[in-house]
Amino acid sequence: MARYNPAAAEPKWQKAWAEKDCFAAGRHSERPKYYVLEMFPYPSGKIHIGHVRNYAMGDVIARFKRARGFDVLHPMGWDAFGLPAENAAMQTGGHPKDWTYGNIEVMREQLKRMGLAIDWTREFATCDPEYYVHQQRLFLEFLKKDFVERRESLVNWDPVEMTVLANEQVVDGKGWRSGAPVERKSMSTWFFKITDRAEDLLDALDDGRLQGWPAHVKEMQRNWIGRSEGLMMSFPLSGDDLPQDKLPIYTTRPDTLYGASFLGVAPDHPLAKHFADQDPDCAAFIAECQAQGTSEADIEKAEKKGYRLPVTGRHPFTDEELPVYIANFILMQYGTGAIFACPAHDQRDLDFARKYDLNVIPVVCPPDADPSSFEVADEAYVGPGSMMMSGFLDGLPAEEALPAAIKKIEEMGWGEGTTNYRLRDWGLSRQRYWGCPIPIIHCDTCGAVPVPDDQLPVSLPPIDASEFKTPGNPLDRESTKSWREVPCPKCGDMARRETDTMDTFVDSSWYFARFASQPEAAPVEKAEADAWMPVQQYIGGIEHAILHLLYARYFTRNLKDCGYTDVSEPFTNLFTQGMVTHATFKDAEGNWLFPEQVDVKGKQAFAVDGGAEVAVGPIEKMSKSKKNVVAPEAIADAYGADAARFFMLSDSPPERDVEWTDAGVEGAWRFANRVYETVAKGEGVLNAKTPMPTELSDDLMALRRTTHKTIEGVTGDIEHFRFNKAIARLYEFLGACKNLKTDGDAAPVAAEALGALTQLTAPFMPHLAEECWGLLGGEGLCTDADWPEVDEALLSEDVVTLPVQVNGKRRGEIKVAPDAAEDAVKEAALSQADVARFMEGKTVRKVIVVPGRIVNVVAG
RNA sequence: GCGGAUGUGGCGGAAUUGGUAGACGCGCCAGAUUUAGGUUCUGGUGUCUUAUGGCGUGGGAGUUCGAGUCUCCCCAUCCGCACCA
């Protein structure tokens with residue numbers, strides 16, 4: 001008998017699906033809609049195995065939902081702007097555009113080879129002017145609605161990428177992509193005012209709107225937004241020639257105001273700068289602080305240091321004059337960049353106070369301590385307690401003193417209770433070529449003027465490839481002068497086009513909406529967008545837990561306010577899949593080796609070329625630099641796309657990392673062949689359409705039961721993203737079909753079983769399933785067939801086997817009817833031979849019967 | 001330091017509400033097929049043991065007829081955030 005031949009079958013069925021337009025969305029208006037989306041890929045060159053895992057998951061859902069009667073939208077596109085294209089251009093002498101579109105061509109073909117159920121008619125790349133023209137429209141609408149503004153501010157400058165980064169893109173003080181230490185620079189750039197939506201972005205995490213999100217992703221966003229309740233207040237300052245007469249501070253502990261012993265400002269606070277201009281020592285101190293690293297280790301060993309300024313602040317309650325210091329542990333970016341310090345109840349303040357010999361006044365007395373003698377030594381007390389040495393607050397529990405202190409400060413007119421967020425506005429300007437141009441013209445008279453709608457898109461000017469050999473933004477150079485110098489749309493005088501482009505995270509903040517609806521004249525058409533949105537299942541990597549997912553949530557709210565959708569949360573259910581890992585190999589010289597250069601024998605490994613021993617390193621995320629990668633095409637050539645897809649979902653739960661092994665994919669390959677061979681025994685059984693007899697032998701009934709239990713199990717598993725369990729069930733079911741007969745009464749039973757086996761396998765191995773469907777004589781395409789129905793009556797057994805325990809240990813088993821009376825079960829259990837043997841010399845104290853589960857005899 | 005998770009055979013991992021621990025796959029062992037290797041197929045495979053026995057879910061206690069699952073304490077690993085006032 002012929003074996004299954006994926007090399008022939010896979011292209012054949014891909015062609016058949018394409019010819020029938022099977023996966024075009026929106027063709028079944030009568031069906032409920034379902035939108036499943038995987039995070040679209042960056043066209044970096046080739047598809048890697050991690051993509052295969054990601055898209056295989058989405059594809060299982062798409063095919064499953066389709067078979068379950070949904071009109072499914074499952075699109076694909078390209079997150080195509082970005083710096084790697086410019087870097088590649090710099091290295092190869094090419095153009096970012098050619099590099100990007102070339103990669104897209106390659107990767108599209110690779111993806112198509114995977115046999116994904118994708119509506120390719122909706123494909124686009126974010127670098128297509130037909131896409132980014134709408135992004136420019138949105139930007140200008142946001143500008144009108146005051147969602148975006150231009151401001152001069154300190155920005156994070158990445159000296160390697162030569163561009164500004166958003167706070168989210170700075171990791172440990174370094175650029176997220178380049179790894180270079182980020183510099184602080186003052187520049188005039190555009191900001192999305194995401195902080196205006198901080199509260200709603202946070203509330204949605206907790207009020208059930210994001211129930212389908214993993215808790216840890218929500219937690220990460222919660223921490224990132226970083227809400228705190230506190231008091232914003234100003235201390236009046238005294239001193240000579242001050243730039244400000246008050247110092248605004250933010251605190252979450254206004255209850256400890258009586259414990260204040262000094263005020264502090266950040267090294268880059270305006271007040272500090274003011275004194276630095278006239279005092280070289282002060283300037284030197286600030287320079288020293290700025291040289292201080294921000295990595296974990298740096299912070300750990302960084303000593304608390306300060307510089308006393310010739311100024312004092314007056315305490316609101318005591319009128320005492322508090323000294324003002326520049327302190328190296330205060331951050332300009334948080335709150336107001338200034339604090340009041342209460343050393344007794346804050347460790348940093350305490351360290352500082354001890355060093356500079358400042359007062360330590362305990363004002364919160366721990367519950368078990370005596371207020372007349374309580375003191376703080378080297379450890380600040382941060383626990384609960386009642387107020388002491390605190391005037392009108394004395395005796396109150398700290399949690400009551402807090403609002404009381406705020407109320408008092410508000411009455412005095414010195415400040416007010418506020419909510420503060422760690423989240424800061426999203427700087428979107430990038431000084432790069434390969435991005436969406438910001439549609440603004442700068443005029444000396446009129447300022448920043450929006451490009452009129454009839455002049456959109458502002459397209460990227462054609463640039464000679466040689467320009468990319470020079471680092472920096474070519475849009476800013478001589479060669480693009482004619483593009484850059486244009487008349488002001490308002491006054492007609494010569495003006496300059498904005499040369500910054502948008503952060504590429506803007507591109508991915510609304511692409512999902514554009515997939516749903518793609519009119520020519522607007523970003524989306526509302527009714528059509530809302531028919532699909534929100535994305536009901538979004539799938540992607542955990543690395544986007546904050547950046548992309550937070551930005552997309554924010555952007556969708558803007559879209560809603562602009563009337564493009566009724567949706568404010570774009571992704572109802574989020575699934576974050578694990579990575580694909582692989583062992584690493586190094587030769588004697590310490591060079592990394594590709595897996596195909598290594599012959600693994602047990603725990604040892606040898607070079608294919610020469611046979612020298614190779615060191616087997618840890619199993620790590622696949623990366624080009626460590627060469628622990630496998631090419632999806634090579635796998636598809638050897639085993640077929642189905643086997644690759646199947647293996648990626650079979651071993652580990654999808655949220656966990658999975659290790660790629662050749663043995664694993666071979667197992668998937670074996671499975672495919674065994675399914676094919678098993679199905680081949682029932683050639684034509686579906687076509688015969690033999691009616692199911694009313695009476696069946698025990699064997700055949702058992703197979704029917706197994707079939708329906710498997711349908712039920714696999715259905716539930718897919719719905720709950722338990723792909724590894726669904727696959728385990730398929731293996732079991734295959735085993736149950738091994739010796740099946742196909743003649744006489746057995747024919748309809750075999751048709752049911754093999755039909756189900758084929759259909760349940762289809763979301764995972766769609767090409768194999770079509771081939772099997774054809775063999776069985778199924779009608780049309782397996783892809784178009786309705787998902788098999790469960791016959792509830794077949795889920796229960798006539799006889800169940802119950803384990804019987806004696807004193808909690810399993811001693812035997814009995815067979816009873818599932819609805820047998822408790823007394824009958826007890827009697828059967830006690831009379832069972834093995835059980836009886838263990839009961840010798842003991843008396844029964846109690847018999848616990850859990851119907852359908854277990855019997856436990858308590859004896860002594 | 002703060003927050004979140006995880007811990008089960010040689011390995012990846014299964015185990016509804018607390019109810020037969022180790023499904024399924026990989027690996028390994030034995031056998032069959034094959035000239036041989038590979039492939040394929042069949043059977044076995046937690047551990048100790050003379051066993052129709054004992055022990056077993058990171059460690060320790062507890063609740064319960066019964067705990068991988070619940071409670072408390074401890075240990076380890078991973079992830080995220082981090083001088084956030």
Side-chain angles (χ1 to χ4, degrees), chain A residues 3 171-172 214-224 226-228 230-231 249-254 256 264 266 292 294-296 298-300 302 304 327-331 333-342 345-349 351-352 420-422 542 545-546 602-603 619 647 650-653 655-659 661-671 673-674 677 716 722 724-735 738 801-813 833-834 837-838 845-860:
Chain A
R3 293 188 97 191
V171 179
D172 270 349
H216 64 280
V217 174
K218 288 194 274 190
E219 186 62 23
M220 281 165 76
Q221 294 216 348
R222 213 171 279 130
N223 292 338
W224 188 263
R227 175 190 170 111
S228 67
L231 169 70
I249 61 105
Y250 174 74
T251 179
T252 55
R253 292 297 301 274
T256 65
Q292 168 189 311
T294 53
S295 75
E296 180 182 340
D298 291 335
I299 289 163
E300 202 111 303
K304 301 286 174 281
N328 65 342
F329 63 91
I330 301 172
L331 304 172
Q333 307 93 287
Y334 187 77
T336 61
I339 61 162
F340 93 83
C342 174
H345 305 291
D346 182 289
Q347 192 59 45
R348 294 157 305 178
D349 298 351
D351 294 346
F352 191 93
N420 193 41
Y421 296 94
R422 183 184 172 281
I542 184 68
I546 294 172
K603 282 183 180 164
I619 295 158
F647 171 53
S650 67
D651 258 18
S652 295
E655 68 277 13
R656 269 193 237 175
D657 290 354
V658 63
E659 186 194 352
T661 60
D662 290 345
V665 75
E666 277 163 21
W669 164 246
R670 262 198 299 278
F671 174 81
N673 281 296
R674 284 168 58 201
E677 282 157 22
R722 297 183 298 231
N724 55 324
K725 286 179 65 185
I727 285 173
R729 275 187 223 274
L730 291 176
Y731 272 106
E732 279 185 277
F733 187 38
L734 177 62
K738 202 162 56 184
T801 305
L802 292 187
V804 182
Q805 296 181 331
V806 178
N807 291 333
K809 290 196 196 307
R810 185 179 184 279
R811 297 302 184 191
E813 58 184 40
D834 293 317
R837 195 164 50 81
F838 275 92
R845 307 243 157 132
K846 198 172 174 186
V847 180
I848 292 139
V849 176
V850 185
R853 306 294 290 171
I854 202 165
V855 181
N856 190 14
V857 181
V858 185

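These numbers come from the heavy atoms of this one structure, side chains and all, not from hydrogens, waters or symmetry mates. In what follows, chains carry the letters A, B, and so on, assigned in the order in which the sequence lines appear, proteins first and then strands, with residues in each chain numbered from 1. Everything quoted here is computed from the prediction, not taken from an experiment.
In the set B/C65, B/G4, B/U16, the nucleotide with an atom closest to the side chain of A/His216 is B/G4. Checked against B/U20, B/A23, B/C83, the side chain of A/Ala728 finds its nearest nucleotide in B/A23. The side chain of A/Lys304 has B/C83 as its nearest neighbour among B/C81, B/C24, B/C83. For A/Arg348, taking side-chain heavy atoms from C-beta onward, the closest of the listed nucleotides B/C24, B/A85, B/U42 is B/A85. Closest to the side chain of A/Tyr334, from the set B/U20, B/C84, B/C83, is B/C84. Checking B/A85, B/C24, B/A14 against the side-chain heavy atoms of A/Pro653 singles out B/A14 as nearest.
One cannot find a donor-acceptor pair under 3.5 Å joining the base of B/C24 and the side-chain atoms of A/Lys725. Taking 3.5 Å as the limit, the base of B/C65 and the side chain of A/Asn856 contain a donor-acceptor pair of atoms between them.
Classified by its glycosidic torsion, B/G59 falls in the anti category, the angle being over 90° from 0.
B/U77: Watson-Crick or G-U partner is B/A5, with both key distances under 3.5 Å. Nucleotide B/C11: paired with B/G25 (Watson-Crick or G-U wobble, both distances less than 3.5 Å). B/C41 and B/G31 make up a base pair, with Watson-Crick or G-U wobble contacts both under 3.5 Å.
Mapping A/Met220 and A/Asn807 onto RNA chain B by nearest heavy atom places A/Asn807 closer to the 5' end of the strand. In terms of position along RNA chain B, the nucleotide closest to A/Arg810 lies nearer the 5' end than the nucleotide closest to the other residue of the pair A/Arg810 and A/Ile848.
Protein atom CD of A/Glu659 is 9 Å distant from nucleotide atom C1' of B/C11, rounded to whole Å. In this structure, NZ of A/Lys218 is placed 12 Å from P of B/A5, rounded to the nearest angstrom. The CD-P distance, from A/Gln805 to B/G66, rounds to 10 Å in whole Å. Remark: C1' of B/G56 and NZ of A/Lys809 are 10 Å apart, rounded to the nearest angstrom. Nucleotide B/U20 holds its P atom 13 Å from the CD atom of A/Glu813, rounded to whole Å. B/G12 atom C1' lies 13 Å from atom CD1 of A/Ile727, rounded to whole Å.
Residue A/Arg222 has no polar side-chain atom (N or O) positioned under 4.0 Å from OP1 or OP2 of B/G4. Phosphate proximity of B/U40 to A/Arg674: absent, as no side-chain N or O sits under 4.0 Å from OP1 or OP2. Side-chain N/O atoms of A/Arg656 include none lying less than 4.0 angstrom from OP1 or OP2 on B/G12. Taking 4.0 angstrom as the limit, A/Arg670 places a side-chain polar atom (N or O) nearer than this to OP1 or OP2 of B/U40. Between A/Arg811 and B/G53, a side-chain N or O to OP1/OP2 separation shorter than 4.0 Å is present.
Residue A/Gly667 is classed as a sugar-phosphate contact, given heavy-atom separations below 4.0 Å to backbone atoms only.
The backbone N or O of A/Phe647 sits nowhere less than 3.5 Å from a side-chain atom of A/Asp651 that would complete a donor-acceptor pair.
The pair A/Glu677-A/Arg674 does not meet the salt-bridge criterion, since no charged nitrogen lies less than 4.0 angstrom from a carboxylate oxygen.
With a 4.5 Å cut-off on side-chain heavy atoms, A/Phe671 and A/Ile727 do not count as touching.
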